[in-house]
Amino acid sequence: MGGGAEQTPGSRTRHATEQPLAAVLVCADEACGGCGAAALEALRPLVAHTPRAVLVRSGCVHPRGGCRDRGPDAPSVRLQRCTGDPRTGLRPHGPSHAVDGASTAEAYRQVERWLDEG
């Protein structure tokens, strides 16, 4: 085998954790009025079909805890490149980006563009 990572059938490559992941964090905090439930359902198939992407149901991701002030169809979503393994822990890699969509549909479009940019 060349200078690449060793891999056997059914195993992950040794360097898999060095490749950045795209984490899509959606606020699902009950104190924020559950505004992320629709976004989680809408984003699930998009993220599932994107290599090296994970959907994270999280606590409030708004910097000042203001999700509940955004309205019932205005989810708070953050996008973060990460290193590590989703099963053992992710570490942020670079700055996160807020999705400023006024609706679940707009949030979906922004997440889709970000994931497409790689």
Side-chain angles (χ1 to χ4, degrees):
M1 198 176 261
E6 290 182 40
Q7 186 173 3
T8 58
S11 73
R12 295 182 16 225
T13 61
R14 191 173 13 167
H15 301 291
T17 59
E18 295 171 12
Q19 299 172 1
L21 285 167
V24 178
L25 296 94
V26 179
C27 175
D29 194 316
E30 289 299 319
C32 293
C35 59
L40 282 165
E41 289 307 310
L43 292 168
R44 191 176 319 280
L46 172 64
V47 173
H49 290 99
T50 303
R52 308 275 315 142
V54 293
L55 183 62
V56 180
R57 179 186 174 113
S58 73
C60 187
V61 296
H62 193 276
R64 292 175 297 282
C67 291
R68 70 180 153 270
D69 299 331
R70 295 171 57 100
D73 188 40
S76 190
V77 178
R78 291 201 72 82
L79 308 171
Q80 176 70 59
R81 300 277 179 221
C82 298
T83 57
D85 186 308
R87 291 169 291 208
T88 59
L90 297 175
R91 292 174 302 285
H93 180 74
S96 67
H97 304 279
V99 171
D100 295 321
S103 68
T104 296
E106 179 57 27
Y108 182 96
R109 286 189 291 274
Q110 288 186 43
V111 170
E112 184 176 42
R113 273 192 302 271
W114 185 77
L115 291 170
D116 285 345
E117 291 171 2

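Looking at residues two or more places apart in sequence or on another chain, you find a salt bridge (Lys or Arg N to Asp or Glu O under 4.0 Å) between Arg44 and Glu41. For the side chain to side chain contact (heavy atoms under 4.5 Å, CB included) test, no residue two or more places apart in sequence or in another chain qualifies with Ala37. Every residue two or more places apart in sequence or in another chain was checked for a side-chain hydrogen bond (donor to acceptor under 3.5 Å, both in side chains) with Arg57, and none qualifies.
The two residues Pro75 and Ala107 come nearest to each other via the heavy atoms CG-CB, 4.1 Å. Residues Leu55 and Leu40 share a closest heavy-atom pair of CD2-O, 3.7 Å. Listed here is the closest heavy atom pair of Ser58 and Leu25: OG-CB, 4.3 Å. For the pair Leu79 and Val77, the tightest heavy-atom approach, listed with the atom from each and the gap, is CD2-CG1, 4.3 Å. Among all heavy-atom pairs drawn from Thr104 and Ala39, the shortest one is CG2-CA, 3.8 Å. The minimum heavy-atom distance linking Leu115 with Ala22 is given by the pair CD2-CB, 3.7 Å.
Side-chain atoms of Val54 and Leu90, non-hydrogen and from C-beta on, do get closer than 4.5 Å to each other.
For His97, the NE2 atom sits in a packed shell: over 12 heavy atoms of surrounding residues, nucleotides or ligands are nearer than 6.0 Å.
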